[in-house]
Amino acid sequence: MTSLRLRGMFLAFKTSLETRQKETMTIDQFVSWLIISEWDDRRNRAIERAIKQANFRHKASIEELNFSVERGLDKNQVQRLADLSFIKEHKDVFITGSTGTGKTYLATALGYEACQKGFKVLYSNTSKLMGLLKSSKAKGTILTELRKIERMDLLILDDFGLQPFDATARMNLLDVIEDRYGKKSTIITSQIPVKEWYDVIGEKTVADAVLDRIVHQSLRVELYGESLRKQKINDLYK
């Protein structure tokens, strides 16, 4: 079994010897159990690889989202997003709000959910991704990086607009958005309202091209209120 790389089946068989579980099953049941164990093991390892490759900053889950704090987080809307139909329909999601309202956590939780459902995900801080693309352009490897991003079923661009876009970053952003337009989904989180993204991107022609491809078919989550991190600190000192 190990030579055939049937790790899940091997571990299940080993467990059956240690616990005498085989004796409580018919041959058909035992074979079925071994096959299911192998399937589960492969699926779990695939999820682990997907999460590692996504490069998330933090672990997050839909189940652990806090809906008790008033911040504009609608449970029904989150559940609709969590079914991931927006990925299948190649729609984008914008999550906006002031710092500490949970934008990154929500985006990451949706990313984890996508990994568990077999989608390819990449998480990145927007300015870091633009920096990576700028560096790869200088090295002559930018086409490889763009193809990698294009293959992702879900791209999460975190902290969009915190740093201004220079001419190179604007064109790299346009390349990323153009490659994914109508084919893949992107989640963008930002402290800046969507109506101000035009000015953030700068340069009229490029801003028009980028926003025309993502704004009209986007789903939006607008959060508000005080920072959750600040509230936690205040609660500690009450």
Side-chain angles (χ1 to χ4, degrees), residues 49-60 81 84 86-87 90-97 99 101-115 119-194 196-203 205-215 217-221:
R49 286 194 302 271
I51 290 173
K52 184 177 180 180
Q53 291 169 1
N55 199 34
F56 296 115
R57 281 172 53 200
H58 308 291
K59 186 174 181 180
L81 290 173
L84 305 179
F86 73 93
I87 298 179
H90 313 309
K91 291 183 177 180
D92 301 320
V93 179
F94 300 162
I95 307 174
T96 58
T99 183
T101 50
K103 302 181 298 298
T104 297
Y105 190 93
L106 175 58
T108 302
L110 291 171
Y112 265 86
E113 192 73 17
C115 287
F119 292 107
K120 295 178 182 178
V121 181
L122 177 64
Y123 166 92
S124 181
N125 174 279
T126 303
S127 61
K128 287 184 179 179
L129 182 61
M130 295 303 108
L132 171 65
L133 292 176
K134 186 174 184 177
S135 175
S136 64
K137 191 169 187 177
K139 296 176 183 176
T141 59
I142 189 168
L143 292 180
T144 300
E145 293 297 333
L146 288 173
R147 281 195 289 269
K148 174 185 174 182
I149 296 170
E150 184 182 2
R151 288 196 296 269
M152 296 297 110
D153 299 303
L154 177 62
L155 171 66
I156 300 175
L157 291 177
D158 200 12
D159 287 330
F160 181 86
L162 277 190
Q163 294 186 12
F165 290 88
D166 60 19
T168 302
R170 278 194 292 268
M171 294 309 300
N172 287 338
L173 175 65
L174 177 58
D175 284 339
V176 170
I177 297 301
E178 174 64 27
D179 288 344
R180 302 180 61 75
Y181 175 60
K183 298 183 293 184
K184 305 290 183 178
S185 294
T186 304
I187 294 178
I188 299 177
T189 79
S190 180
Q191 295 182 31
I192 303 165
V194 176
E196 296 179 20
W197 288 5
Y198 187 94
D199 295 329
V200 167
I201 296 172
E203 211 288 309
T205 304
V206 178
D208 279 339
V210 170
L211 296 179
D212 183 62
R213 286 162 173 76
I214 61 176
V215 168
Q217 49 82 55
S218 63
L219 306 172
R220 304 192 188 186
V221 179

Scan the side chains in residues 127-136 for donor-acceptor partners under 3.5 Å anywhere in the protein, sequence neighbours excluded, and list what turns up.
{"residue": "S127", "atom": "OG", "partner": "N125", "partner atom": "OD1", "Å": "2.5"}
{"residue": "K134", "atom": "NZ", "partner": "D166", "partner atom": "OD2", "Å": "3.3"}
{"residue": "S136", "atom": "OG", "partner": "L132", "partner atom": "O", "Å": "3.3"}
{"residue": "S136", "atom": "OG", "partner": "L133", "partner atom": "O", "Å": "2.9"}

Test of understanding: with side chain to side chain contact (heavy atoms under 4.5 Å, CB included), list the residues that count as partners of Q191, not counting sequence neighbours. T99, K103, L162

Are Y105 and Y112 an aromatic pair by the rule of ring centers under 6.0 Å? no

In sequence, state the C-alpha distance, the side-chain angles, and the governing distance for I142 and N172, and then conclude on side-chain contact (heavy atoms from CB on, under 4.5 Å). CA-CA 9 Å; I142 189 168; N172 287 338; 3.4 Å; yes

Any side-chain to backbone donor/acceptor pair from T189 onto T104? Under 3.5 Å, distance only. no

With sequence neighbours left out, what residues match F119 under ring pair (Phe, Tyr, Trp, His ring centres under 6.0 Å)? none

May I ask you to decide if F165's main-chain N or O and R170's side chain share a donor-acceptor pair within less than 3.5 Å? yes

Does anything in residues 139-155 form a salt bridge (Lys or Arg N to Asp or Glu O under 4.0 Å)? List the pairs, not counting sequence neighbours. E150-K183, D153-K184

Determine the minimum heavy-atom distance between V121 and A114, stating which atoms define it. CG2-CB, 3.6 Å

Are the side chain of D92 and the backbone of S218 linked by a donor-acceptor contact shorter than 3.5 Å? no

Please identify each residue that fulfils salt bridge (Lys or Arg N to Asp or Glu O under 4.0 Å) with D158, with sequence neighbours left out. R57

So, using salt bridge (Lys or Arg N to Asp or Glu O under 4.0 Å) as the criterion, who are the partners of D208 when residues are at least two apart? K204

Look at atom CD of Q163 and say whether more than 12 heavy atoms of other residues, nucleotides or ligands are closer to it than 6.0 Å. no

